[in-house]
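Keep in mind the model is a prediction, meaning the values are calculated, not measured. In this chain, numbering begins with 1 at the start of the sequence shown.
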Amino acid sequence: MSEIRELQEYALEILLAVDQFCNENQITYYLGEGSLLGAIRHHGFIPWDDDIDLLMPRTEYERFIALVQKQGLPDGYDLDCFETNPNHWTIAAKVQMVRQTRFVSYKVGKLGLHNGPSIDIFPLDQVPGDLAYVSRLDWKIARLRRILWNKLGYSKPQRRLKWHIAKGLGYFVSTRRLQKQITNLMKTHAEDESCDYLVNFGSLYPAERQLVQAEVYGEPRLVEFEGRLLPVPAQAEVLLSRIYSDYMQLPPEEQRVPKHNFSVVEDGATKILK
């Protein structure tokens, strides 16, 4: 088994534990981002992808976190998010594998509760259909996220001015306050029933590439993923076209590489996963 496939197997194990938890508690979720692309184009992982991304509508996301805090996840897994970790650095919640494997993310360092295999769960927030407005909101959230990363030491030092500005601003605000400000901005329209669009503010893709009407997500439909039937958005192809354009077209071969900086530790030696 290749190293990338071994890491995928660990991620799949975590996914199936989360899927079981969500099914038992009637929590709606979707495969998202690269995992959605993999489900539709490859019926499983993109061969060079090294993680799994899930999406949950904001109310389902908050219910998931509350239930996990109350009930706990199955043995062997832990939830790392703003609510459980004062040093949580990213918008996505992470379900992490507790047991030690030979895969380590040194970039997470001491920030995460664990630094081995994990999967990401992003909240989907309702917003108006005004793309210019949502893009500005996305920019504000990204700015706060950059300050949080710098404050926690997640970002590598850079010479760029905006990195130094973000670093400086971090001295004047606590980590917890930044986490709350980010969450409050994402939830700006949580109570506005007139907003019928959804966006993932934690995505690496800008808002204009993934802002869609709520009906695009709608009632999940089941598709094959690594031999299992797992939920994707009702109009998954519409979302993929928005994000990736010609999503069935494979990228150039030189771009087919893992993107999450895992290292493989074995017999005292360390190498980057490729």
Side-chain angles (χ1 to χ4, degrees), residues 28-37 53-65 81-83 88-93 120-151 154-155 160-163 165-166 168-170 172-220 232-247:
T28 298
Y29 81 91
Y30 312 93
L31 295 177
E33 305 275 306
S35 300
L36 174 58
L37 178 59
D53 298 312
L54 305 183
L55 304 173
M56 291 182 183
R58 171 63 68 175
T59 55
E60 300 293 276
Y61 177 84
E62 292 181 344
R63 193 160 68 89
F64 173 80
I65 289 174
C81 59
F82 286 162
E83 292 80 1
H88 191 72
W89 65 101
T90 180
I91 286 174
D120 293 331
I121 305 177
F122 295 91
L124 286 169
D125 287 291
Q126 63 184 45
V127 290
D130 183 338
L131 179 56
Y133 167 78
V134 175
S135 293
R136 289 194 300 272
L137 189 57
D138 190 31
W139 180 84
K140 292 177 182 178
I141 292 167
R143 182 179 60 179
L144 288 176
R145 181 170 56 184
R146 196 157 48 239
I147 295 171
L148 178 64
W149 285 355
N150 288 353
K151 185 174 181 66
Y154 185 71
S155 293
R160 298 168 67 181
L161 178 60
K162 68 179 181 180
W163 184 90
I165 292 173
L169 290 173
F172 300 98
V173 60
S174 69
T175 298
R176 187 62 189 139
R177 183 172 177 81
L178 280 169
Q179 292 172 337
K180 287 183 177 180
Q181 287 178 330
I182 290 169
T183 299
N184 288 340
L185 272 178
M186 291 193 296
K187 293 175 61 176
T188 298
H189 298 280
E191 306 298 327
D192 188 347
E193 295 182 0
S194 68
C195 293
D196 59 353
Y197 281 74
L198 291 175
V199 69
N200 170 16
F201 284 118
S203 176
L204 293 178
Y205 301 106
E208 60 263 24
R209 288 177 59 182
Q210 36 123 0
L211 178 67
V212 294
Q213 289 187 297
E215 64 188 28
V216 170
Y217 284 96
E219 186 69 23
V232 301
Q235 301 176 39
E237 292 78 7
V238 172
L239 181 60
L240 288 172
S241 294
R242 180 96 177 168
I243 296 174
Y244 302 102
S245 187
D246 185 7
Y247 60 87

Is Ser203 reaching over with its side chain to a backbone N or O of Asn200, donor-acceptor style, under 3.5 angstrom?
no
Nearest 0.5 Å, please: how far is CG in Asp53 from CG in Leu37?
11.0 Å
Checking Tyr197 now: which residues fulfil ring pair (Phe, Tyr, Trp, His ring centres under 6.0 Å) with it, not counting sequence neighbours?
none
Test item: Ile91 and Ile141 side chains (from C-beta on) under 4.5 Å apart, heavy atoms:
yes
Would you find a donor on one side and an acceptor on the other, under 3.5 Å apart, between the side chain of His189 and the backbone of Glu191?
no
Would you indicate whether the side-chain heavy atoms of Tyr29 and Pro57 approach each other to under 4.5 Å?
no
Between Tyr247 and Ser241, the two heavy atoms sitting closest are CE2-OG, 3.4 Å
Report yes or no: does Glu60 contribute a side-chain atom to a donor-acceptor pair with the main-chain N or O of Thr28 at less than 3.5 Å?
yes
For the pair Ser35 (side chain) and Leu31 (backbone), establish whether a donor and an acceptor sit closer than 3.5 Å, ignoring hydrogens and angles.
no
Sub-6.0 Å ring centroid separation between Phe122 and Phe201:
no
Quick test of your reading of the model: are Lys187 and Glu62 salt-bridged, counting only N-O distances below 4.0 Å?
yes
For side chain to side chain contact (heavy atoms under 4.5 Å, CB included), just list the numbers for Leu148 and Arg177, CA-CA rounded to whole Å, side-chain angles, deciding distance to a tenth of an Å, and then say yes or no.
CA-CA 10 Å; Leu148 178 64; Arg177 183 172 177 81; over 6 Å; no
State, yes or no, whether a side-chain contact exists between Val212 and Tyr217 at a heavy-atom distance under 4.5 Å.
yes
Quick check: does any side chain N or O of Asn184 sit under 3.5 Å from a backbone N or O of Lys180, one acting as donor and the other as acceptor?
yes
Going by heavy atoms in the side chains, are Leu137 and Thr188 under 4.5 Å from each other?
yes
Reported CE-to-CD1 distance for the pair Met56 and Ile121, which is rounded to 0.5 angstrom:
4.5 Å
Please say whether more than 12 non-hydrogen atoms of neighbouring residues, nucleotides or ligands are located less than 6.0 Å from CZ in Arg176.
yes
Contact between Val232 and Pro220 at the side-chain level, heavy atoms closer than 4.5 Å - yes or no?
no
May I ask you to test the Leu211-Leu131 pair for a side-chain heavy-atom distance under 4.5 Å?
yes
Any heavy-atom pair between the side chains of Glu208 and Ser135 that's under 4.5 Å?
yes
Distance-minimising heavy-atom pair for Pro128 and Cys195
N-SG, 3.5 Å
Side chains of Arg145 and Asn150: does their closest heavy-atom pair fall under 4.5 Å?
no
Under 3.5 Å donor-acceptor, Trp149 side chain and Trp89 backbone:
yes
Main-chain N/O of Tyr205 paired to Gln210 side chain as donor or acceptor, under 3.5 Å
yes
Using every non-hydrogen atom in the two residues, find where Gln126 and Asp192 come nearest and quote the distance to one decimal.
NE2-O, 2.8 Å
Distance-only, no hydrogens or angles: does the Lys151 side chain make a donor-acceptor pair with backbone N or O of Val173 under 3.5 Å?
yes
Ignoring hydrogens and angles, tell me if any N or O in the side chain of Gln179 forms a donor-acceptor pair with the backbone of His88 under 3.5 Å.
yes
Shortest non-hydrogen contact between Gly218 and Tyr30, atoms and distance
O-OH, 2.6 Å
Decide yes or no on side chain to side chain contact (heavy atoms under 4.5 Å, CB included) for Leu144 and Leu185, but give the supporting numbers first.
CA-CA 10 Å; Leu144 288 176; Leu185 272 178; 3.6 Å; yes
The test is side chain to side chain contact (heavy atoms under 4.5 Å, CB included); show your working for Ile147 and Leu178 and say whether it passes.
CA-CA 8 Å; Ile147 295 171; Leu178 280 169; 3.8 Å; yes
d(Leu36 CG, Ile243 CD1) to nearest 0.5 Å is 7.0 Å
Please report the shortest heavy-atom distance between Glu215 and Gln235, naming the atom on each side.
O-NE2, 3.4 Å
